[in-house]
Amino acid sequence: MDKLRVGVLISGRGSNLEALLNACSFSNFPAKIALVISNNATAKGLLLAEKFGIPHLVIDHLAFTERSNFDAKLDSVLQAAKIELVCLAGFMRLLTKNFVLTWKGRLLNIHPSLLPSFKGTNTHRQALDAGVKIHGCTVHFVTPELDSGPIIAQAAIRISCTDNENDIATRVLKIEHQLYPSALLMLATGRVKLDNDRVIIDNDIATNEILF
Ligand code: GRF
C-alpha cells in the first residue's frame with residue numbers, strides 16, 4: 001500500500017520532527033515524511049532532515065510582505081510535493097484562515113498542554129500557576145482559532161507544585177515524542193475521522209481510570 005505523504009513544518013529544534021522521522025523509518029510504518037519546510041534558515045531540525053535524506057527547504061517568512069503570500073507559497077510547495085497531510089512541529093508562525101481551511105482535516109499540530117487548558121505560550125508556567133496535578137500534551141487538527149481544533153490524542157504526566165518549568169518541559173517533551181508518531185499512525189491507518197468538530201477514532205477503547 002502507498003504510504004501517506006507527510007509534510008512537516010518547523011521553525012527550530014525539531015525534536016518532534018526527529019520522533020516522526022524515527023517512526024517513519026520503519027518499513028512497515030504507513031506514512032513517510034516527504035518534505036520538511038522551515039521558515040527559519042538556522043532551524044536545527046533542517047540538519048535532521050538532511051541526516052535522514054528527506055527533501056527540505058527554507059521558506060523565509062521575512063521575504064514576504066503579506067502573511068497570505070507566505071502561506072500561498074507554503075501551500076504551492078506542499079501541493080507540488082503531493083503532500084497529503086501536514087504536521088506542524090514547533091512551527092512558530094500563525095497560519096492564515098485561508099491556508100487552514102484549504103488543509104482542513106489534513107493539518108495537525110502538537111501543543112504542550114492538555115487542551116483546552118493552557119492555550120498559547122508558556123504552557124508549563126500556566127499549568128504551575130493553575131496548580132493542576134495532571135499536565136501533558138495534545139495532538140489536534142488545526143482550525144483558524146489558535147490551539148482550538150478537534151483533539152486527536154493526548155498524553156499526560158503528573159506534576160506537583162514543587163516542580164519547575166524546565167523539568168516539566170523535559171518530561172512533557174518526552175511524551176510528545178511518543179504521542180505524535182502514535183497519532184500519525186492512527187491517521188495513516190484511517191482510524192481518525194472528523195465528525196463536525198469532533199474526532200471519532202475507530203476502535204478506541206478507553207476504559208481504564210488513571211489515578212495519580
Ligand atoms: C514542542 O513543545 C511542541 O509541543 C510545540 O513546540 C515545541 C517544538 O519542539 N508546538 P521541537 O522543535 O519539536 O523540539
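Counting convention: from 1, in listed order, for ligands and their atoms alike. Computation of the quantities below employed the complete heavy-atom set of this structure, encompassing side-chain atoms and omitting hydrogens, waters and symmetry-equivalent molecules.
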pair [X]-[Y]: side-chain heavy atoms closer than 4.5 Å:
X: L57; Y: L35; value: yes
X: L88; Y: I110; value: no
X: L184; Y: V6; value: yes
X: V8; Y: F91; value: no

- Could you give all pairs that pass the side chain to side chain donor-acceptor pair (under 3.5 Å) test and reach residues 189-202, with sequence neighbours left out?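 Applying side chain to side chain donor-acceptor pair (under 3.5 Å) to every pair that reaches into residues 189-202, excluding sequence neighbours, yields nothing.
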
- Message: Checking side-chain polar atoms at under 3.5 Å, does H177 have a donor or acceptor matched by the opposite partner on S15?
- Response: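 Per modelled atom types, H177 and S15 side chains form a pair under 3.5 Å.
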
Report each N/O pair between ligand 1 and the protein that falls under 3.5 Å, naming both atoms.
from	atom 1	to	atom 2	distance (Å)
ligand 1	2 (O)	E176	OE1	3.3
ligand 1	2 (O)	E176	OE2	3.1
ligand 1	4 (O)	I110	O	3.3
ligand 1	4 (O)	E176	OE1	2.7
ligand 1	4 (O)	E176	OE2	3.2
ligand 1	9 (O)	R13	NH2	3.0
ligand 1	10 (N)	I110	O	2.9
ligand 1	12 (O)	G14	N	2.8
ligand 1	13 (O)	S15	N	3.3
ligand 1	13 (O)	N16	N	2.9
ligand 1	13 (O)	N16	ND2	3.0
ligand 1	14 (O)	R13	NE	2.5
ligand 1	14 (O)	R13	NH2	3.2
ligand 1	14 (O)	S15	N	2.8
ligand 1	14 (O)	S15	OG	2.5

